[in-house]
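Sequential numbering from 1 along the given sequence is applied to the chain's residues. Computed from a predicted model, the values in this text were never measured in an experiment.
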Amino acid sequence: EKVSITGASGSGGANVERAISATARSMTTLHFDPARLRAALAAYPVVASIEVRTHFPHGVSVVVHRRTPVATIAFGGRDVPVAADGTLLTGTTARGLPPLTARRAPAAGRVAGTDALAQVRVLAGATPAQLAQVTHVGVGADGVEVTLKGAPRIIFGDGDHAADQWVALKRVLADEQNDVLHSLRSKDPVRSVDVMVSAADEQVHHEVDAATSTFPARTSNHLRPVTKTSQAKPEGDDKNSRTVRLSFSGTKSGSRRQNN
């Protein structure tokens, strides 16, 4: 049989191609069994699915759909890539992906624990370019927290609206008039910056709340969870503190400053 394979290239792809070729060549075109081929590929979690077409008299083409890694997790003495659905991509390697902060070891070939799965959901919503900027991911009191290169700490919550949140965040970080970025890029005495990105209702409204302050060293500056009906206020009562709210609806954006 002549076997044509596409989509398998990448880490671990050579083993996948060998398994496909060996299994396909053990069958004839007239009696080809795709289920048998899928069973042979079950040992390779990087394969999400395949499409099979036979070409009489002696040809078969296989299209491989790979799982894309979004993070890594320490397991078995090495950093194992993790797919967007939580599957451990054993037999592959990946560079430049953020490591998950996990309390439980993976089980049955998947990430285990609600915290780790929430981190995966958040990272799965990011673009490859955004993933490359992630320096840390973990879970705090308000949900999943992500730290980006040269940006504030981002609070995503449970990660159920991660894709929309990353879109909103991209707009914020691209806005050169953003008060938060101005404070970060200048040498103002900013102790810390916490940003919460929340995706609201079906209309896909986005709000980004951030607080910067010139509090004395003994005072911390952290945000409480922000809801549709509450305001974010930093702890302390320094007169120089300020809150910046950036709202997004559709493709339009705006900002306003609130003086406390």
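Using a 4.5 Å cut-off between side-chain heavy atoms of Ile, Leu, Val, Met, Phe, Trp and Tyr, F56 falls into a hydrophobic cluster with L30.
For S21 against I5, the heavy-atom pair with the smallest separation is OG-CD1, 3.6 Å. In plain terms, the two heavy atoms of A102 and I73 that are nearest each other are CB-CD1, 3.9 Å. Heavy atoms only, all atoms of each residue included: F75 and P106 are closest at CD1-CD, 3.5 Å. The minimum heavy-atom distance linking A84 with V120 is given by the pair O-CG1, 3.4 Å. Residues V52 and I50 approach most closely at CG2-CD1, 3.9 Å, considering heavy atoms. The shortest non-hydrogen separation linking A94 to P69 is CB-CG, 4.3 Å.
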Run the side-chain contact (heavy atoms from CB on, under 4.5 Å) check on V47 and R66 step by step: do they pass?
-> CA-CA 5 Å; V47 178; R66 293 172 58 100; 5.9 Å; no

Start with the C-alpha distance between I154 and L169, add both sets of side-chain angles, then the distance that settles side-chain contact (heavy atoms from CB on, under 4.5 Å), and finish with yes or no.
-> CA-CA 9 Å; I154 317 300; L169 180 61; 3.9 Å; yes

Derivation and outcome, side-chain contact (heavy atoms from CB on, under 4.5 Å), residues V111 and L100 = CA-CA 10 Å; V111 169; L100 298 176; 4.1 Å; yes

Can you check side-chain contact (heavy atoms from CB on, under 4.5 Å) on D115 and L117, steps first, answer last?
-> CA-CA 5 Å; D115 285 356; L117 288 171; over 6 Å; no

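Taking T28 as the reference, H31 meet the side chain to side chain donor-acceptor pair (under 3.5 Å) condition, with sequence neighbours excluded. For R36, the side chain to side chain donor-acceptor pair (under 3.5 Å) partners are S26, not counting sequence neighbours. For R121, the salt bridge (Lys or Arg N to Asp or Glu O under 4.0 Å) partners are D160, not counting sequence neighbours. Applying the side chain to side chain contact (heavy atoms under 4.5 Å, CB included) test to T93 and every residue at least two apart in sequence or in another chain returns S11, R78. In this structure, T114 has no side chain to side chain donor-acceptor pair (under 3.5 Å) partners at least two apart in sequence or on a different chain. Scanning for salt bridge (Lys or Arg N to Asp or Glu O under 4.0 Å) contacts around D85 gives R67, with sequence neighbours left out.
Side-chain contact between D33 and M27 is present, with heavy atoms from C-beta onward closer than 4.5 Å. Looking only at side-chain heavy atoms (C-beta outward), V60 and S4 stay at 4.5 Å or farther from each other. Side-chain contact check for T87 versus V82: every heavy-atom pair is 4.5 Å or farther apart.
Here CG of L97 is found 6.5 Å from OG1 of T72. Values are rounded to the nearest 0.5 Å. Here R95 contributes atom CZ and D79 contributes atom CG; the two are 12.5 Å apart, rounded to the nearest 0.5 Å. Atom CZ of residue R110 and atom CG of residue L88 lie 9.0 Å apart, to the nearest 0.5 angstrom.
Sorted by first and then second residue, the salt bridge (Lys or Arg N to Asp or Glu O under 4.0 Å) pairs involving residues 4-18 (not counting sequence neighbours) form an empty list. Contacts classified as side chain to side chain donor-acceptor pair (under 3.5 Å) and involving residues 41-55 (residues at least two apart or in different chains) are given here: E51-H65, H55-S61.
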Below 3.5 Å, can you tabulate the donor-acceptor pairs from side chains in residues 123-137 to any protein atom, sequence neighbours excluded?
residue : atom : partner : partner atom : Å
T127    : OG1  : Q130    : N            : 3.2
T127    : OG1  : Q130    : OE1          : 3.4
Q130    : OE1  : T127    : N            : 3.0
Q130    : NE2  : W166    : O            : 3.2
T135    : OG1  : T147    : O            : 3.1

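Checked by atom type and distance alone, the side chain of E145 never pairs as donor or acceptor with a backbone atom of G138 at under 3.5 Å.
When V16, L41, L37, T23 are each tested for a side-chain contact (heavy atoms from CB on, under 4.5 Å) with V62, only one passes: L37.
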